[in-house]
Amino acid sequence: NILRGVAPLVEAGLVRLWLCDPKGGMELGMLEGIAHRFAVTDEECIELLQDAHDSMKAKAALARVKFGRKVTTASRDFPLDLVIIDELASLTDNRTIGRDVEELTSKIARQGRAPAVTLVSCTQDPRAKVIPNRSAYTQAVALRLSEAIETDMMKTEITASWRDPI
């Protein structure tokens with residue numbers, strides 16, 4: 001639904017999609033042709049996240065000069081970069097890249113708002129070992145959690161990470 005909602009903005013050049021589908025492209029593969037970046041292997045996903053982070057930093061520096069503070073309206077010159085990871089657990093569970101994924105997603109989630117970069121990480125397992133940086137995400141949507149404790153975890157994280165948007 002997120003992708004359907006932004007489809008007209010992608011077509012207009014106002015949103016760039018950075019799609020990471022480490023399950024071999026089974027979920028997001030149909031969007032490869034319209035994605036700014038598309039990754040399916042663990043190595044490609046970490047490279048995509050690093051490039052998204054580097055792009056975010058460059059956009060922040062440029063926005064500071066051009067706008068004085070932050071990007072307030074998406075444009076072709078300053079599109080919203082929408083980074084979507086379709087199964088975060090498969091990346092954070094990877095002993096080789098898990099720590100890097102954690103660090104990059106944390107930085108993108110915490111620093112992306114001003115330079116118009118949004119991170120959406122999807123997982124079927126909301127436990128802290130899967131999403132060790134849950135507090136970096138300002139929004140959480142939980143569907144079909146399997147245990148009552150998972151609902152409590154999500155409520156706690158939403159309450160703990162909520163910030164007043166300024």
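Applying the disulfide bond (SG atoms under 2.5 Å apart) test to every pair with at least one member in residues 45-97, sequence neighbours left out, gives these pairs: C20-C45. Applying the disulfide bond (SG atoms under 2.5 Å apart) test to pairs two or more places apart or on separate chains, none has a residue in residues 54-109.
Considering only heavy atoms from C-beta on, R37 stays 4.5 Å or farther from V83 through its side chain. A heavy-atom distance below 4.5 Å is not found between the side chains of L80 and R16. In this structure, K57 and K107 have side chains that are not in contact, with every pair of non-hydrogen atoms separated by 4.5 Å or more.
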Using the side chain to side chain contact (heavy atoms under 4.5 Å, CB included) rule, take L91 and I85 through it: C-alpha gap first, then chi angles, then the decisive distance, then the call.
CA-CA 9 Å; L91 297 176; I85 303 171; 3.8 Å; yes
Stepwise side chain to side chain contact (heavy atoms under 4.5 Å, CB included) test for L17 and D81
CA-CA 6 Å; L17 298 177; D81 284 317; over 6 Å; no
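Atom CG of L62 has more than 12 neighbouring heavy atoms from other residues, nucleotides or ligands inside a 6.0 Å radius.
Cluster membership check: V65 does not share its hydrophobic cluster with V117, using side-chain heavy-atom separations under 4.5 Å among Ile, Leu, Val, Met, Phe, Trp and Tyr. Clustering ILVMFWY residues whenever any of their side-chain heavy atoms sit less than 4.5 angstrom apart, transitively, puts M26 in a cluster other than the one holding L19.
Remark: L104 CG to D100 CG distance equals 6.5 Å, nearest 0.5 Å. Note that CD of E43 is 13.0 Å distant from CG of L48, once rounded to the nearest 0.5 Å. To the nearest 0.5 Å, atoms CG (L14) and OG (S75) are separated by 7.5 Å. How far CZ of R113 is from OG1 of T118: 10.5 Å, rounded to the nearest 0.5 Å. Taking NZ from K23 and OG1 from T41, the interatomic distance works out to 15.5 Å, rounded to the nearest 0.5 Å. How far CD1 of I108 is from CD of Q50: 8.5 Å, rounded to the nearest 0.5 Å.
Residue T96 comes nearest to N94 through the heavy atom pair N-OD1, 2.7 Å, listed as atom of the first residue, atom of the second, then distance. For the residue pair V15 and P79, the shortest heavy atom distance occurs at N-CB, 4.2 Å. Of all heavy-atom pairs between M56 and P115, the closest is CG-CG, 3.6 Å. Nearest approach of D21 to G29, heavy atoms of both residues: OD2-N, 4.0 Å.
In this structure, the side chain of T105 engages the main chain of V101 through a donor-acceptor pair within 3.5 Å. Within the 3.5 Å criterion, the main-chain N or O of G112 finds no donor-acceptor partner in the side chain of K59.
Every side chain to side chain contact (heavy atoms under 4.5 Å, CB included) that V40 has, sequence neighbours left out, goes to F38, E44.
Under the 4.0 Å criterion applied to side-chain N and carboxylate O atoms, E103 and R99 are not assigned as salt-bridge partners.
Residue W18 is tested with L49, L82, I84, D51 for a side chain to side chain contact (heavy atoms under 4.5 Å, CB included); the sole match is D51.
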